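Data block below; observations after.
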Amino acid sequence: MNDVGQHLLSGAVSGFASSICLQPLDLLKTRLQQGDGTMHGPRPAGTIVSIARDIVKSEGVLGLWRGTSPTLLRNVPGVALYFTGLNYTRTLLASTRYFALPTPATERTHSGSVLPKLNKQGNLLAGATTRVAIGALLNPFAVLKARYESDLYAYTSVFRALGSLIRAGPSELFRGILAASLRDAPYAGLFVLFYEQIKAEVASVVSPTSSAYSTGIHSFSAGAAGMIASLATHPFDVIKTKMQVRTEDRYHGLLRTVTTIYRQRGIPGFYDGAVLRILRKLPNSAIAWATYEGVLMFMRTSQR
């Protein structure tokens, strides 16, 4: 299998694994963020526990996995394309003297990784540009995913839901794309930056003498990086969800949505679902990156 195929396959496997395991947290986050309420009185969307209890009561335990199909449609190709594009971008930047580190771009380092090595600026640029490009390409599936997870739409099947979005036109297919880009660019840039920094620091203390050690380093580094990047960019996640699932005029447009959230809930409104997002991103990042690097190293070792 060629290099592109390896990255596509390993990225798809990691996207599938993380999506299946963590869908309930994504569902609960969307339900918590979809509300339209004020700072006074109980939050319209309810608490995390009450939302989960209502879902289980009305739909059973499997109801917590509602939206898994559109999540897979979004995340499996999305993660595969992201990892492939990220590797291509990092390889391209590693060939320049402005972003490359002294070590050869394809050399396996003491952290147990086979990925190209860049300086801090290179990691920020590679993560941000790749994530925004893939996010824009797959934004229609992100809208589908958010609406399917929400209880504001009575979708009976993924294909009917997708058909209704297509009939609505580009304005609905690419709804919330600016907010998503403002979230994804700093998130991905910060994630790749912190991931590589933490990975190098941990590897200098705990030398990866086996595949298990390498997997542990990748999991811990990705989980920590995901937590930091999620907290820094969460307000744009709230804005994106509101724009994608609410139909009221006050949620049409980025500035109008920001103003609406601030008037209704104040600053705390921009952090609705932050705990759920961090709880999801920490294991999601750990699973995705450990699986990705592990599968990639396994395939390259098998080839040799």
Side-chain angles (χ1 to χ4, degrees), residues 25-26 29-30 32-36 70-71 74-75 78-79 81-83 85-86 89 120-147 149-150 165 170-195 222 225-282 284-285 288:
L25 293 176
D26 234 8
K29 179 179 71 69
T30 298
L32 192 65
Q33 292 178 346
Q34 73 178 15
D36 179 39
T71 295
R74 165 64 180 83
N75 288 358
V79 175
L81 291 172
Y82 171 69
F83 279 134
L86 182 63
T89 304
K120 294 179 181 180
Q121 295 84 353
N123 285 324
L124 277 169
L125 180 62
T129 54
T130 306
R131 181 67 179 264
V132 169
I134 302 303
L137 178 66
L138 296 175
N139 192 77
F141 292 104
V143 177
L144 175 66
K145 173 182 177 298
R147 292 187 176 184
E149 291 169 348
S150 168
L165 273 179
S171 63
E172 291 299 301
L173 288 170
F174 292 95
R175 193 172 170 89
I177 190 171
L178 179 56
S181 297
L182 290 173
R183 176 200 64 178
D184 290 346
Y187 173 85
L190 290 171
F191 179 91
V192 176
L193 172 64
F194 283 113
Y195 174 67
M227 182 175 63
I228 296 170
S230 294
L231 188 60
T233 60
H234 188 74
F236 288 107
D237 187 69
V238 176
I239 297 167
K240 174 198 73 71
T241 301
K242 297 280 193 187
M243 293 179 69
Q244 289 180 343
V245 304
R246 304 297 312 192
T247 58
E248 297 89 345
D249 286 343
R250 57 183 173 274
Y251 294 110
H252 285 194
L254 179 68
L255 292 180
R256 189 179 296 182
T257 303
V258 171
T259 302
T260 299
I261 295 171
Y262 183 76
R263 285 176 177 173
Q264 290 182 340
R265 301 261 299 118
I267 297 298
F270 292 99
Y271 286 90
D272 282 345
V275 172
L276 284 168
R277 185 166 181 243
I278 290 173
L279 287 175
R280 181 189 179 279
K281 281 295 184 181
L282 198 156
N284 175 74
S285 301

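By convention here, the first residue in the shown sequence is residue 1. Note that this is a predicted model, so its numbers are computed, not measured. No hydrogens, no waters, no symmetry mates; every other heavy atom, side chains included, goes into these values.
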Measure across A232 and L190 and return the closest heavy-atom pair with its distance rounded to 0.1 Å.
CB-CD1, 4.1 Å

Spatial distance of atom OG1 (T259) from atom CG (L254) [nearest 0.5 Å]:
9.0 Å

Checking the side chain of T257 only, and the main-chain atoms of M243 only, is there a donor and an acceptor separated by less than 3.5 Å?
no

Check: F270 main-chain N/O paired with R265 side-chain donor or acceptor under 3.5 Å
no

Working for side-chain contact (heavy atoms from CB on, under 4.5 Å), residues D26 and E149
CA-CA 8 Å; D26 234 8; E149 291 169 348; 3.8 Å; yes

Show the nearest heavy-atom pair for residues A188 and R131, with the distance to one decimal.
CB-CB, 3.2 Å

Flag this pair as yes if the NZ/CZ of K281 is under 6.0 angstrom from the six-membered ring centre of F191 and inside a 45 degree cone about the axis; otherwise no.
no

Whether the R175 and H252 side chains hold a donor-acceptor pair (N or O, under 3.5 Å, no angle test) is what I'd like checked.
yes

Heavy atoms of A128 and A185 approach each other most closely as CB-O, 3.3 Å

Short question: side chain of R147, backbone of Q244 - any donor-acceptor pair under 3.5 Å?
yes

T260 vs R246, side-chain contact (heavy atoms from CB on, under 4.5 Å): CA-CA, chis, key distance, verdict
CA-CA 12 Å; T260 299; R246 304 297 312 192; over 6 Å; no

Check: S230 main-chain N/O paired with R277 side-chain donor or acceptor under 3.5 Å:
yes

Under 3.5 Å, side chain of S150 to main-chain N/O of A146, donor-acceptor pair present?
no

Is it the case that the side chains of D36 and Y251 hold a donor-acceptor pair, with the cut-off being a distance below 3.5 Å and no angle test?
yes

Judged by atom type as modelled, is there a donor-acceptor pair below 3.5 Å linking the side chain of K242 to the main-chain atoms of G35?
yes

Scanning both residues in full, the closest heavy-atom pair of A229 with T233 reads O-OG1, 2.8 Å

Heavy-atom closest pair, residues N139 and A180:
OD1-CB, 4.4 Å

Donor-acceptor contact present, side-chain Q33 to main-chain D272, <3.5 Å
yes

Nearest atoms (heavy-atom pairs only) where A179 meets I239
CB-CG2, 3.8 Å

